[in-house]
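Numbering of ligands and ligand atoms starts at 1, following listing order. Just so you know, these numbers use all the heavy atoms, side chains as well, and skip hydrogens, waters and symmetry mates.
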Amino acid sequence: MAIRMIRQDGDEILKKKSKEVDVIDDKIKELIKDMIDTMHKYDGVGLAAVQVGILKRIVVIDLYEEGKEPYVFINPEIIEIKGEQEVDEGCLSFPNKYARIIRPKEVKLRALNEKGEQIEIVGQDLLAQAMCHEVDHLNGVVFVEKIIPGTLEVVTPEDKENRKSKNKKKK
Ligand code: NI
């Protein structure tokens, strides 16, 4: 297990489309463990493999709910969306930026889990937001491209501490 370096704003890899995972081998499993550790280390709600420089369709999400393991989605696809929510959003690859964005209120996602089994999960609210944000990463799309105009906030390190205490986490 290891903490991997998170690719930041301006890194061209963030605009690239990730490739499907064919075989879930030990290398993929190690990558998933590292992604979870890296997400936790930086207080993230989600992380896509491209953010650690690997162009594979893998995302991890953790809402830090008691007794719940992080979600691991391999080759995720959003197959249904319902409703709308206007939310605050941030991203571990854009550590100083936050903005308002419109996301679906509910999302049905199909993916493989770490064992290669097909799963379908319905996420609402923050989970729906995180699913959309991470699947966007796999398609080379970052949240700053989709924000509500005029809502982008660039924060200082001090503001960031305040935000942390308000429990605003990043994806
Ligand atoms: Ni992100």
Side-chain angles (χ1 to χ4, degrees), residues 2-21 28 31-65 68-78 81 84-107 109 111 121 123-149 151-157 159-161 163-164 166-171:
I3 304 298
R4 303 216 183 182
M5 192 188 85
I6 296 183
R7 301 302 185 96
Q8 303 287 312
D9 191 2
D11 192 319
E12 287 298 307
I13 200 167
L14 294 172
K15 295 184 184 163
K16 294 194 173 151
K17 204 171 165 187
S18 297
K19 295 196 175 67
E20 297 250 320
V21 175
I28 294 286
L31 169 64
I32 290 168
K33 281 199 187 102
D34 288 355
M35 285 171 64
I36 291 170
D37 288 346
T38 305
M39 169 176 69
H40 287 160
K41 161 98 178 159
Y42 296 105
D43 286 329
V45 165
L47 190 71
V50 59
Q51 291 180 276
V52 294
I54 310 283
L55 286 166
K56 291 198 187 290
R57 300 186 81 81
I58 303 172
V59 310
V60 296
I61 293 174
D62 196 348
L63 305 185
Y64 301 90
E65 290 169 320
K68 275 208 177 175
E69 291 290 308
Y71 296 96
V72 174
F73 300 129
I74 300 167
N75 301 338
E77 277 177 89
I78 290 171
I81 57 171
E84 255 184 22
Q85 53 176 335
E86 186 188 317
V87 283
D88 279 317
E89 197 155 307
C91 176
L92 292 173
S93 294
F94 297 80
N96 301 318
K97 290 181 178 169
Y98 292 89
R100 302 287 290 169
I101 186 164
I102 308 280
R103 292 289 191 190
K105 179 87 175 146
E106 187 179 298
V107 168
L109 181 139
I121 293 201
Q124 286 160 335
D125 304 315
L126 180 58
L127 182 56
Q129 182 190 0
M131 285 168 164
C132 292
H133 180 109
E134 301 313 330
V135 170
D136 276 353
H137 272 302
L138 301 184
N139 295 324
V141 175
V142 290
F143 85 106
V144 289
E145 295 171 37
K146 295 188 149 183
I147 60 178
I148 298 171
T151 66
L152 182 67
E153 258 186 273
V154 181
V155 302
T156 64
D159 293 337
K160 232 161 138 182
E161 279 308 306
R163 285 196 174 248
K164 236 186 210 169
K166 281 198 284 176
N167 203 24
K168 289 209 172 168
K169 294 201 187 277
K170 292 180 161 270
K171 283 138 212 127

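- Applying the salt bridge (Lys or Arg N to Asp or Glu O under 4.0 Å) test to every pair with at least one member in residues 128-138, sequence neighbours left out, gives these pairs: Arg103-Asp136, Asp136-Lys146.
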Side-chain donor-acceptor distances from residues 10-18 under 3.5 Å, at least two apart:
unit_1 : atom_1 : unit_2 : atom_2 : d
Asp11  : OD1    : Ile13  : N      : 3.0
Asp11  : OD2    : Arg7   : NH1    : 3.0

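- Two residues are said to be in side-chain contact when any heavy atoms from C-beta on lie closer than 4.5 Å; Met131 and Ile61 meet this criterion.
- Residues satisfying the salt bridge (Lys or Arg N to Asp or Glu O under 4.0 Å) criterion with Glu69, sequence neighbours excluded, are absent altogether.
- For the Ni ion (ligand 1), protein N, O or S atoms closer than 2.8 Å were enumerated as Cys91 SG, His133 NE2, His137 NE2, Lys171 O, with waters left out.
- Taking the six-membered ring where the residue is Trp, Tyr71 and Phe73 present parallel rings, their angle staying beneath 30° rather than reaching 60°.
- A side-chain donor from one of Gln129 and Glu89 sits under 3.5 Å from a side-chain acceptor of the other.
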